[in-house]
Structures are given as C-alpha cells and as structure tokens.
Amino acid sequence: MRVIVVQIAGGLFFAAATTYLLMALRRIVSFRPTLAGVGGIRPVSVLIPCFGAPPRLAECLDSLARQTYPAPVQLVFGLHGPDDAARPVIEALIAGLASKAPAMTATLVIDERRIGINPKVCNLANMMAAVLHPVLVLVDSDVIVPPGFLEAITGTLDRPGAGAATCLYTGAPDPNLASRLGAMYINDWFVPSALVDIGFHGLGVTYGA
C-alpha cells in the first residue's frame, strides 16, 4: 500500500512538473519583447543604490549616463559609507557627465542611516531627500540598460490607471562558474516563471532590478 501511495504521488508530481514545463515553453516561444509606446516625456530622477565595486560597475553606470531622453534626467547614487569601493567609480562618472551628457545632473548621497532590515531599501530611503523630479526610476547598479530605456519605461505611464512600469531582465554572466549559475537562475527559472504568471494573472508586480 505504501509503495502505491509513493507511486501515485510521484506520478502526480511528474504530471504537474510536465504541465508547468509545457506552459513555460509555450510562453517563451510566443513571447516577443517590445518597447513600450512613448507617452508624455517628463523629467525623471533615476535612483541607483550601490554597494561595492563589481567588475562591470563602470559599464553599468555608464549605460545610464548614455540615455537618449529629451527631458531633464537626474541620476541619484546612494552609498551607506564614504569608504565604499563604488565611490571612486561614481565620482568619475559624475565628473565626466559634462562631456557625455551636459543636460544630465547627478548627485551622490552618502548616508549610514538604517531605518529597516533591508540595506538596499534603506539606501533608497536615504536618497529620497536629494530627488528633484516627480517620476522615479529605480535601477540596480549591476544592470546595463539600452539607450532608449527611459523612454520605454516611462512611456507606459500615460496609460489609464498606470501607476508604475516594470520590465523583465536577463542575466549576462562573467566567465566563472558562480556567475554562470546566477545567470542560469535568472534566464532559465525567473524569466519563464514570470511569463507563466503573467499568462495567468496579468502583470501585478514590479521586478526588482
């Protein structure tokens, strides 16, 4: 009897896993990434909480400084301490904005206050005092965005009932095992599961990066 129960449970688990796999494959095959239609262009403040200096930090931050956006853009960087390894990278980018993007402004906020248990959220809260514009764009410091990112992400805000916009993201690994595993987690688990969820419920969350 116990063997039969185990076999039935195993069969149900296999059926459920196979059903999910088929749904994920269907969603991936039918998914077509598209840029959102551009709505009203409005000034934006881009909040980038930083910690440490991973190998591609300068490249990630530079992708934000190269945005093609016709309205004022403010970059707000946040650190919890003055000795953070990201500080010289951020300061070098801010110093080069005059030649790269003269219409863009940038601010570095260094604030050690912790108002909660999540360090990144605390960092964002500390950065809010420096914000100049009413539309906020939150971007992790390990993300590379394309030149039209700001138009695409803010262009949806003119849709009736829209209060926030988000997008999927993929992992681009460095040549080491840990980074490859991290990218596999994003590309092979997160993206398919997000597409399956959207297929059932529509989009009801914003994604972390």
Side-chain angles (χ1 to χ4, degrees), residues 33 35-36 38-113 119-157 164-176 178-179 182-183 186 206-209:
L35 291 178
V38 177
I41 300 298
R42 45 176 72 80
V44 299
S45 290
V46 184
L47 277 64
I48 311 106
C50 300
F51 177 77
R56 301 178 71 181
L57 177 63
E59 183 182 359
C60 294
L61 301 187
D62 189 64
S63 72
L64 293 166
R66 293 182 181 275
Q67 287 300 294
T68 55
Y69 192 71
V73 176
Q74 176 199 23
L75 303 181
V76 183
F77 301 95
L79 296 174
H80 275 306
D83 299 326
D84 194 293
R87 183 175 182 177
V89 179
I90 296 169
E91 290 178 338
L93 181 139
I94 293 175
L97 276 183
S99 58
K100 283 184 185 177
M104 188 178 290
T105 60
T107 303
L108 172 58
V109 176
I110 301 175
D111 195 328
E112 298 179 351
R113 288 179 298 169
K120 183 169 76 171
V121 173
C122 295
N123 202 354
L124 288 167
N126 294 340
M127 294 156 64
M128 285 300 298
V131 166
L132 297 178
H133 303 308
V135 176
L136 305 181
V137 177
L138 313 182
V139 183
D140 282 356
S141 61
D142 61 350
V143 173
I144 296 176
V145 297
F149 168 72
L150 288 179
E151 288 100 324
I153 202 71
T154 63
T156 60
L157 296 178
T166 189
C167 59
L168 290 173
Y169 53 91
T170 57
D174 290 326
N176 62 74
S179 183
I186 295 172
T206 56
Y207 298 112

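All values below come from the heavy atoms of this structure, side chains included, with hydrogens, waters and symmetry mates left out.
- Contact check for Leu47 versus Val131: side-chain heavy atoms found under the 4.5 Å cut-off.
- Note that the CG atom of Leu108 and the CZ atom of Phe77 stand 8.0 Å from one another [nearest 0.5 Å].
- A donor-acceptor pair under 3.5 Å is absent between the side-chain atoms of His133 and the main chain of Val73, judged by distance alone.
- Interatomic distance, CG of Leu93 versus CE of Met104, reported as 9.0 Å (0.5 Å rounding).
- The backbone N or O of Phe51 lies less than 3.5 Å from no partner atom in the side chain of His80, so there is not a single donor-acceptor pair.
- For Gln67 against Pro147, the heavy-atom pair with the smallest separation is OE1-O, 3.0 Å.
- Legend: residues meeting salt bridge (Lys or Arg N to Asp or Glu O under 4.0 Å) with Asp174, ordered by chain and number and at least two apart, are absent.
- With hydrogens and angles ignored, the 3.5 Å screen pairs a side-chain donor or acceptor of Ser63 with a backbone N or O of Cys60.
- In this structure Glu59 satisfies the salt bridge (Lys or Arg N to Asp or Glu O under 4.0 Å) test together with Arg56, sequence neighbours excluded.
- In this structure, CD1 in Ile48 is found 6.0 Å from CE in Met127, a value given to the nearest 0.5 Å.
- When all heavy atoms of Tyr69 and Arg42 are compared, the pair lying nearest together is OH-O, 2.7 Å.
- Using a cutoff of 4.0 Å between basic side-chain nitrogens and carboxylate oxygens, Arg87 and Asp83 are not scored as salt-bridged.
- Taking all atoms of both residues into account, the shortest heavy-atom contact from Ala130 to Gln74 is O-NE2, 2.8 Å.
- Nearest heavy atom pair, residue Ala86 against residue Leu79, reads CB-CD2, 4.0 Å.
- For Ala92, there are no side chain to side chain contact (heavy atoms under 4.5 Å, CB included) partners two or more places apart in sequence or in a different chain.
- In this structure, CG on Asp62 lies 9.5 Å from CD1 on Ile144, to the nearest 0.5 angstrom.
- Taking each heavy atom of Val139 and Pro49 in turn, the nearest pair found is O-CD, 3.6 Å.
- Residues forming a side chain to side chain contact (heavy atoms under 4.5 Å, CB included) with Pro88 (at least two apart in sequence, or on another chain): none.
- For Val89, the side chain to side chain contact (heavy atoms under 4.5 Å, CB included) criterion is met by Leu57, Ala58, Leu61, not counting sequence neighbours.
- Contacts of Ala165 classified as side chain to side chain contact (heavy atoms under 4.5 Å, CB included), with partners at least two apart in sequence or in another chain: Ile153, Thr156, Leu157.
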